[in-house]
Amino acid sequence: MTETRRFVLAPMDGMTRASFRLVCFEYGAEGATTEMIQSLALGRAKRRLSDTFAETMVRLPGEGNLAAQLIGSVPAMMGASARKLTDMGRFDAIDINMGCPARKVVGSGNGSALLKDPDRALAVMRAVRENTDLPVRLKLRLGWDPEHITAPELARAAGELGFESVTVHGRTRTQMYSGDVDIDGIRRVVAATSIPVYANGGVTRARDALSFLAATGAAGVSIGRAALKRPWIFDDIRRLEAGEPVTERDAGERVRVLERLAALACGLRPEPVAIAEMRKFSAWLLNGLTGSADILKALNTVVTLDNYRALMDTYLNTLIRENDTQIHPELAGEESLDTV
Ligand SMILES: Cc1cc2nc3c(=O)[nH]c(=O)nc-3n(C[C@H](O)[C@H](O)[C@H](O)COP(=O)(O)O)c2cc1C
């Protein structure tokens, strides 16, 4: 089967909830994955269906191809959880997390800990495969460390088990989230399996995504942190491919995105919780605009959607009045100095 989805949103705990996913879909993301869902929590879903959990499990109208991501290492529990997610009837696929490097996660044998226990990893993959009729996907890192590169062998097994695709973060567990992404390592995963491989790690701008795709020979690219700061990266990619100009987005668009995100999140969670979580997105999207530090400070006392909108509208109107709606790279934090 030819994979038609190429540029997708990577799963991010605390971030890729329905509201943010929808914003990325609206900018052209061709797929998304929920944040990781613990097989244990799902097994006890009745007691654990907190607001946070609920927003993860929601699928908003307008969301495109969506996988639910499971994390765990007990095959029976992963199988039972896969069945529960399938029975919800709202996901297009189930994704297995074998990449999370967090100490707490690997300490209990989950996430990237499975990369150094291929037998258990295979048992988990089989259990999920046998308990759902949805397509199953695997997300992993290259290996635990440079001496234990297991991704090619696990990707090959995924193909043999009939999985739909594999996403590989081109780092080992010991690299955590920094250090060079190993392009050749990803190429070896691509060569090891017949199913589509998504390359992941380190994309910051649209043009990186295109060169990463070409360099790895992957079927697609999965984009994480860059989308948090630039959810329009998917539209930038489309523009680049179409030969259209790609420019920094101005204050008007940034405020519009923030207000959209806030409204969506407030529709799914208690307003004060959703608005509190808007602080990080506001910091990312307003970074580099004149006066954004003051706005972020003022945001600390805002708890309702109406007040959030009022604050943002007033800010935008000031910028428009002063003809100052463009990003100033010299005011931006280091990471947002990248231009598209
Ligand atoms: C805040 C945060 C949360 C993450 N949560 C998950 C997760 O729940 N499941 C997962 O498979 N990967 C998770 N990741 C890893 C990303 O999916 C991705 O592999 C990694 O960030 C590298 O891609 P990037 O450089 O495009 O961000 C997370 C990453 C970040 C930064």
Side-chain angles (χ1 to χ4, degrees), residues 6-18 20-21 24 29 31-39 41-42 52-53 55-57 66-73 78 81 93-106 110-115 121 124 128 136-143 151 154 165-173 175-183 185-186 189 197-213 216 218 220-231 233-234 236-237 277 280-281 283-284 335-336 338:
R6 294 187 303 151
F7 298 99
V8 300
L9 177 65
M12 286 177 285
D13 194 27
M15 310 288 168
T16 52
R17 301 191 179 133
F20 181 67
R21 295 191 311 251
C24 291
T33 304
T34 67
E35 58 187 337
M36 56 187 172
I37 300 163
Q38 298 215 9
S39 62
L42 197 64
T52 308
F53 206 48
E55 200 196 345
T56 299
M57 305 294 222
L66 179 64
Q69 189 185 67
L70 270 176
I71 184 163
S73 52
M78 289 290 275
S81 299
I94 295 185
D95 190 78
I96 305 174
N97 180 323
M98 289 192 196
C100 184
R103 201 178 297 270
K104 225 169 67 185
V105 168
V106 297
N110 300 331
S112 58
L114 286 168
L115 299 175
V124 163
V128 172
V136 182
R137 304 173 185 166
L138 179 63
K139 176 157 184 287
L140 38 52
R141 285 173 177 250
L142 292 174
L154 291 170
S165 63
V166 172
T167 300
V168 59
H169 180 179
R171 294 188 172 98
T172 59
R173 189 271 170 179
Q175 283 180 285
M176 302 299 282
Y177 287 100
S178 55
D180 290 343
V181 167
D182 182 352
I183 301 273
I186 297 176
V189 177
V197 172
Y198 286 80
N200 169 246
V203 166
T204 58
R205 290 159 286 176
R207 64 167 179 269
D208 299 345
L210 292 178
S211 55
F212 196 37
L213 184 71
T216 55
V221 171
S222 156
I223 300 170
R225 289 164 291 180
L228 297 174
K229 293 174 191 150
R230 292 192 168 88
I233 189 170
F234 300 101
D236 287 345
I237 292 169
E277 296 215 335
K280 51 183 188 266
F281 284 106
W284 287 324
E335 280 170 308
S336 57
D338 303 315

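Just so you know, these numbers use all the heavy atoms, side chains as well, and skip hydrogens, waters and symmetry mates. Since the structure is predicted, the reported quantities are computational estimates derived from the model, not experimental observations. As the structure lists them, so they are numbered: ligands from 1, and atoms in each ligand from 1.
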Testing Leu114, Ile71, Val136 for side-chain contact (heavy atoms from CB on, under 4.5 Å) with Ile96, which one passes? Val136

Test your reading of the structure: does Met36 have an N or O sitting under 3.5 Å from an N or O of ligand 1? yes

Check ligand 1 against Ala10 and write out every atom of the ligand that is under 4.0 Å from a heavy-atom position of the residue. 17 (O)

What part of Arg225 sits under 4.0 Å from ligand 1 if we count only heavy atoms: the side chain, the backbone, both or neither? both

Main-chain N/O of Gly202 paired to Arg225 side chain as donor or acceptor, under 3.5 Å: no

Side chains of Glu35 and Thr56, donor plus acceptor under 3.5 Å: yes

Checking contacts here: is it the side chain or the backbone of Asn97 that comes within 4.0 Å of ligand 1, counting heavy atoms only? Could be both or neither. side chain

Give yes if a backbone or side-chain nitrogen or oxygen of Pro11 is under 3.5 Å from a nitrogen or oxygen of ligand 1, and no if not. yes

Are any of the N/O atoms in Gly202 less than 3.5 Å from those in ligand 1? yes

With nothing but distance in play, are any N or O atoms of Gly224 less than 3.5 Å from an N or O of ligand 1? yes

Thr33 and Gln69 have their tightest heavy-atom pair at CG2-CB, 3.6 Å

If you take the nearest heavy atom of each of Met98, Glu35, His169, Gln69, which one is closest to atom 11 (O) of ligand 1? Gln69

Contact atoms of ligand 1, heavy-atom distance to Tyr177 under 4.0 Å: 14 (N), 15 (C), 20 (C), 21 (O), 28 (C), 29 (C)

Check: of Thr56, Asn200, Thr34, min heavy-atom distance to atom 19 (O) of ligand 1 comes from Asn200

